[in-house]
Every structure is written in C-alpha cells, then in structure tokens.
Amino acid sequence: MAAAARSLFAPQISAKPFISRSNSGFRGFSLPRSIHGSCRARAGFRIRSSLLVETEQTKAPSLEGFEFDVVSEAELKKRGFMGLRKTKLVCTVGPACCGEEELERLARGGMNVARLNMGHNTREWHREVIRTIKRLNQEKGFCIGVMIDTEGSQMHMVGHGSASSIKAEDGSVWLFTIEKFEGSRPSTIQVNFEGFSESVLVGDEIVIDGGMATFEVIEKVENDLRCKCTDPGLLLPRAKLSFWRNGKLVEMNSGLPTLSTKDWADIEFGISEGVDYIAVSFVKDVNDITNLKSYLSTRSSQFIKVLAKIESLESLKNVEAIVKASDGIMVARGDLGVQVPLEQIPTIQQELTYLCRQLNKPVIVASQLLESMVEYPTPTRAEVADVSQAARQQADALMLSGESAVGSNAEKALSVLCMASGRMELWSREENRQNLLFLPQLAETLPDQISEQICNCAVEMANNLGVDAIFVYTKHGHMASLLSRNRPNPPIFAFTDNANARKGMNLHWGVVPLEFPLSDAMEDNFKETVSLMKLRGTVRPGDMILVVFDSDVSCLSARPAVSQSIQVRIVD
C-alpha cells in the first residue's frame, strides 16, 4: 500500500496482543493510548478504533427487510466470493430493449444501472421504462439504478425516417433540413438546431457521431444543406453532428447554455420519477455541476447523484474541479474523439480514470465499446481488447450505448462486457496490481481522516490475510466508496438501511449494496447479517470476513461519538 495510506493510522498500531474481557472474547491488536488521547483532545470525540479477530456463532433470524440483489446472490452461490464481478455495467435503454421482458433479461445478465437518454423518445416513454424497472426491482429482487442523461445543447438529428439505424451509402446525396416533418422522406435528415447552416460553407464536412459516417456539403439551399456521403456508415436515431473545415472543428454551439430549457424540464421529470443519477451532457465548468446540485438539494428529499460527462475541450480544461464537484464522471469517448486527436483518447481515458480514483469518484467508460455489435452478434477482437483495457485500468463501470439501445444483440453485448471485465479482474488480482497506485489523503477533518485511514488499512489487511469478503455497515455509503477506492481483492458487501444510498452505490467498483434495517448496536448488525446470509446459503462456516463499522451507523444515537473498528471474524 502507498505510503500516504499508512501515514496517519497504520504506523501507530500497537503490535502488543491483548485479551478482551467482553462476553464474546477475541484476540487482536489495539491502538496506543496516545492516539486515543490526542483524538479526544483535538476533536472532542470518543473514539474506538481496533482490530478484532473472533469466531462468530449465529442463529437465523427473519428475512424481512433484508434486500439482496438476486443476480449478485446467484453469482455468489455459483462462483464464490472471489468470482463476483467487480466492474459495474451500465446499459442504455432504447427501443430495442424497453419492454419488461427485455429489461429483465438485461438485469439478469448483469446490468447495474439503466441509462435513459432524454434526447430520445417522449417523457411518457421514459416514465413507462422507469416504472417498469422499479417494478422489476420490487417484484423480482433486482437492484437496478436509474440514470437520466440530459440532451444538452449539442446539434443532432431529430430523425431520419426510421426508428432504428439506416445506412448511408458512399456517394449518396442527402438533405439536412430544419423543416419539421412526420414519417419518412428518402435521404432526408431533420436537424434540431435552427440556423445550423448559417456558419457552414460549401466544402465543409459533417461528421456523424464522431465518425460513424461523413458528408461533404455540396450546396446550401436556403436554410438547408445538400450533402454527399464521403465515408459511408450507419446513421443512428438522434445521432450527433459536428462540422469540420480544413481539418479543424467548427464551433456551432459555444454560446449556448449547458442545460437548456428542455433539460431543466427533463430534470424536473427525473426528480418526480425518483431517478438515482443525472448525467449532465457537455459540461463546461464546475458551475454547471454546483448549480445543478444546489437546485436538487432544494427540490428532492432523496440524494440524486450528479455525473459530469467529459466530452469536450472545455470540460478537459476544467476537469479536476469538475470531478471534485461531481458525484462521478462519464468519459464519453465518442464526442470527445471529435474534439481531440484520436490518438489522445486512450491517454485521456487512463488519466481520467486515475484522477477519479485519486479523488474517490466513480468513473464510467462509455461510447463505442462494442460498436460493431449494433449490427453483428460477435465483437471484433479489438473491441474486446478495448473493454479489457478499461477493466485493467479498474474503471468503476463500463457502458453500452447503441449496442443495447438500438442494436439487436444487447444481451450478447452485455455478456461480452461481463466476460472480458471478469477475466481482466482475475488477471489483475493474480498480478497483485491493487497496491500499485498512490492514493492521497482526501479528508480534512479528524473524523473523516480516521474513516479514510481505517478503510486504507482495512483493504491492506484484507489482501494480506486473504479474507473472503469485506462487510461494511454504512448509512450513506461513504466508507464503502473509500474501501472501493483501494480496489481490494475480496468483494465489499455494503449494508445500509437507506434504499437511496443502496442505489447510489451501484456504480462503485466491487461494492455489492444490500438493504438491511441497521441498529445502533454494531455487534447486533453483524450477527444479524451473517445469520441472514447463512440462511441464504451465501456465507458458510469457515469464511473469514473483515468487518468495518462506520461511525454514521454507530452514532445513530445523539451521543457525540465516533466508534469505528476493523474486525476479522471467522464464521462458525
């Protein structure tokens, strides 16, 4: 583990064993008196931080109130703790997978979060999808988070006369128009932005979705453009457009706000439907995030996480401040690849993944992961390598876009993500890559510093001892995220009594969130959860569990105390 992870807490752990006189009995290591004394003096808190090793006997309680995602449970029973997939999977829901049966198949295939692009379809359509997902969660035992993605001010197709993709052939001539029309017109594309042609010159290029197809402007017809296809390819519904002149990007929407009037209406819709995440398109600076988070704090009683989509030069210039302010980011490589040289995309992806882990923010790698599977049932070997590289970088999540939304192979694409990420996780564990990344201290207050250092030390212990799993008891998920940040070998089971927090942990690498009615008696929480998991056949005698208790659970009472601990328990 990096030196920073040991600087505050680990070097001061006494190696002197002691025997507790408590009822249960344990043997372990305690903190020196000097730490307890200095903590009380500095912060006025009563602190209990210790490592315990104990053999636990449990009895089976009622399963009422205990929510375990059926997919994670089945995977755990089949593959064991170390076989659990740690990389999270996001699927974009579109016309190809919006029915209840299709969504259930994606859920059983490993979908952790369903993404809804608000630039597509009507709000009534989105409402039905959201409610279907929530019904599946409730009736089938899934734990799928819901994300809405704002349309933003990007220029895009309104339609091209087809509900799915159509092919633009080499040399074919198309009309790009702002005229609104219903149904289909041959070789005609409706554009959403009035005045889109004003700054365009004959000879300019129109690039579709970052390179799916390319057109050359051959004639301006009043407010419309007549264009010839020079690079044939697929035209997906609502595909984004960019304009190029002499090899340079032509800015068409620099003066437009990040969130349009429609976006704010979509955000209100998301609040009313109880979504878990809002992804903001074309973020320019930190104010785009802070303004939205401030607005959400006044409009929603639930904590809705705000994700920043990094897909423009402006967002890259301000990326560290944006990441700090957000609850996570999405590396939207398709749009980003339009604005920066293609050869820079792999480096940018790696640097953003590294930055997010440093700052303890989940990162989603998105766009064109398995693009060929929109049409074909088998990915290219290069696409599998791309997915594997994102998993090797230990990105929190991978996302399907058109592959699931409009493609005919959504379930197969999802299975490829599972297969490739799972194999790379195994390889990384075999190579012991978890301890190679330096993680700076993030916390400022003493209680937060203690939480951070406890999680750093807990992961180091878990890896060194070879424990089967990490249990963390948390109200809001913060300590689960700190554990995830260290990328431990064993999976992290995060128990919370907050359904909103449970969905919020769906994007964190290696975290299996479970809903459980927590009490302020930490020992009871552990005994109850072990009994419940034994009853479900997911924990067995002899399993070694590293347990982390969070102060926000132990301080449910009004007492000004911080009571955190690392304990190692062997299930009897």
Measure from the side-chain N and O atoms of [X] to the backbone N and O of [Y], and report whether any donor-acceptor pair falls under 3.5 Å.
{"X": "S421", "Y": "A391", "answer": "no"}
{"X": "N486", "Y": "V459", "answer": "no"}
{"X": "N500", "Y": "F303", "answer": "yes"}
{"X": "K77", "Y": "R536", "answer": "yes"}
{"X": "Q449", "Y": "E444", "answer": "yes"}
{"X": "S428", "Y": "M424", "answer": "yes"}
{"X": "D288", "Y": "V283", "answer": "no"}
{"X": "S326", "Y": "V323", "answer": "yes"}
{"X": "S300", "Y": "L296", "answer": "no"}
{"X": "K534", "Y": "D572", "answer": "yes"}

Under a 4.5 Å cut-off applied to non-hydrogen side-chain atoms, are [X] and [Y] in contact?
{"X": "P488", "Y": "N463", "value": "yes"}
{"X": "P491", "Y": "I470", "value": "no"}
{"X": "F68", "Y": "L76", "value": "yes"}
{"X": "K293", "Y": "D327", "value": "yes"}
{"X": "D543", "Y": "F81", "value": "yes"}
{"X": "V365", "Y": "Q349", "value": "yes"}
{"X": "F66", "Y": "F495", "value": "yes"}
{"X": "L398", "Y": "I364", "value": "no"}

Would you call [X] and [Y] a salt bridge, using N to O less than 4.0 angstrom?
{"X": "R569", "Y": "E523", "result": "yes"}
{"X": "E425", "Y": "K86", "result": "no"}
{"X": "R108", "Y": "E104", "result": "yes"}

What are the two closest non-hydrogen atoms of [X] and [Y], and how far apart are they?
{"X": "K361", "Y": "G328", "answer": "CB-CA, 4.2 Å"}
{"X": "V306", "Y": "L292", "answer": "CG1-CD2, 3.9 Å"}
{"X": "Y473", "Y": "F526", "answer": "OH-CA, 3.2 Å"}
{"X": "T92", "Y": "C97", "answer": "O-SG, 3.7 Å"}
{"X": "S297", "Y": "S294", "answer": "OG-O, 2.6 Å"}
{"X": "P362", "Y": "D396", "answer": "CA-OD1, 3.2 Å"}

Atom pair [atom1] ([X]) and [atom2] ([Y]), whose distance is rounded to the nearest 0.5 Å:
{"X": "I133", "Y": "L103", "atom1": "CD1", "atom2": "CG", "value": "5.5 Å"}
{"X": "L106", "Y": "F142", "atom1": "CG", "atom2": "CZ", "value": "10.0 Å"}
{"X": "I148", "Y": "R115", "atom1": "CD1", "atom2": "CZ", "value": "11.5 Å"}
{"X": "F516", "Y": "T529", "atom1": "CZ", "atom2": "OG1", "value": "5.5 Å"}
{"X": "L307", "Y": "D149", "atom1": "CG", "atom2": "CG", "value": "9.0 Å"}
{"X": "H478", "Y": "E452", "atom1": "NE2", "atom2": "CD", "value": "7.0 Å"}

Start with the C-alpha gap between L514 and F493, add the side-chain angles, then the distance that decides, and say whether side chain to side chain contact (heavy atoms under 4.5 Å, CB included) holds. CA-CA 7 Å; L514 300 94; F493 292 86; 3.7 Å; yes
Can a side-chain donor-acceptor contact be found between [Y] and [X] if the only test is distance below 3.5 angstrom?
{"X": "Q394", "Y": "T353", "value": "no"}
{"X": "R85", "Y": "N112", "value": "yes"}
{"X": "D266", "Y": "T150", "value": "no"}
{"X": "T445", "Y": "D448", "value": "yes"}
{"X": "R502", "Y": "T496", "value": "no"}
{"X": "Q358", "Y": "Y354", "value": "yes"}
{"X": "D276", "Y": "N506", "value": "no"}
{"X": "N360", "Y": "S481", "value": "yes"}

Taking the six-membered ring of F269 as reference, does the NZ or CZ atom of R127 fall below 6.0 Å from its centre and within a 45° cone about the axis? no
Salt bridge (charged side-chain N to carboxylate O under 4.0 Å, His left out) between E273 and K134, worked out: CA-CA 10 Å; E273 292 299 320; K134 291 189 173 185; 5.7 Å; no
Evaluate the criterion side chain to side chain contact (heavy atoms under 4.5 Å, CB included) for residue pair E128 and E100; output intermediate values, then yes/no. CA-CA 10 Å; E128 180 60 30; E100 184 168 342; over 6 Å; no
What do the steps show when you test M544 against V568 for side chain to side chain contact (heavy atoms under 4.5 Å, CB included), and what is the final call? CA-CA 7 Å; M544 188 188 301; V568 177; 3.6 Å; yes
Test log, rule side chain to side chain contact (heavy atoms under 4.5 Å, CB included), inputs Y295 and I271: CA-CA 11 Å; Y295 178 79; I271 294 171; 4.2 Å; yes
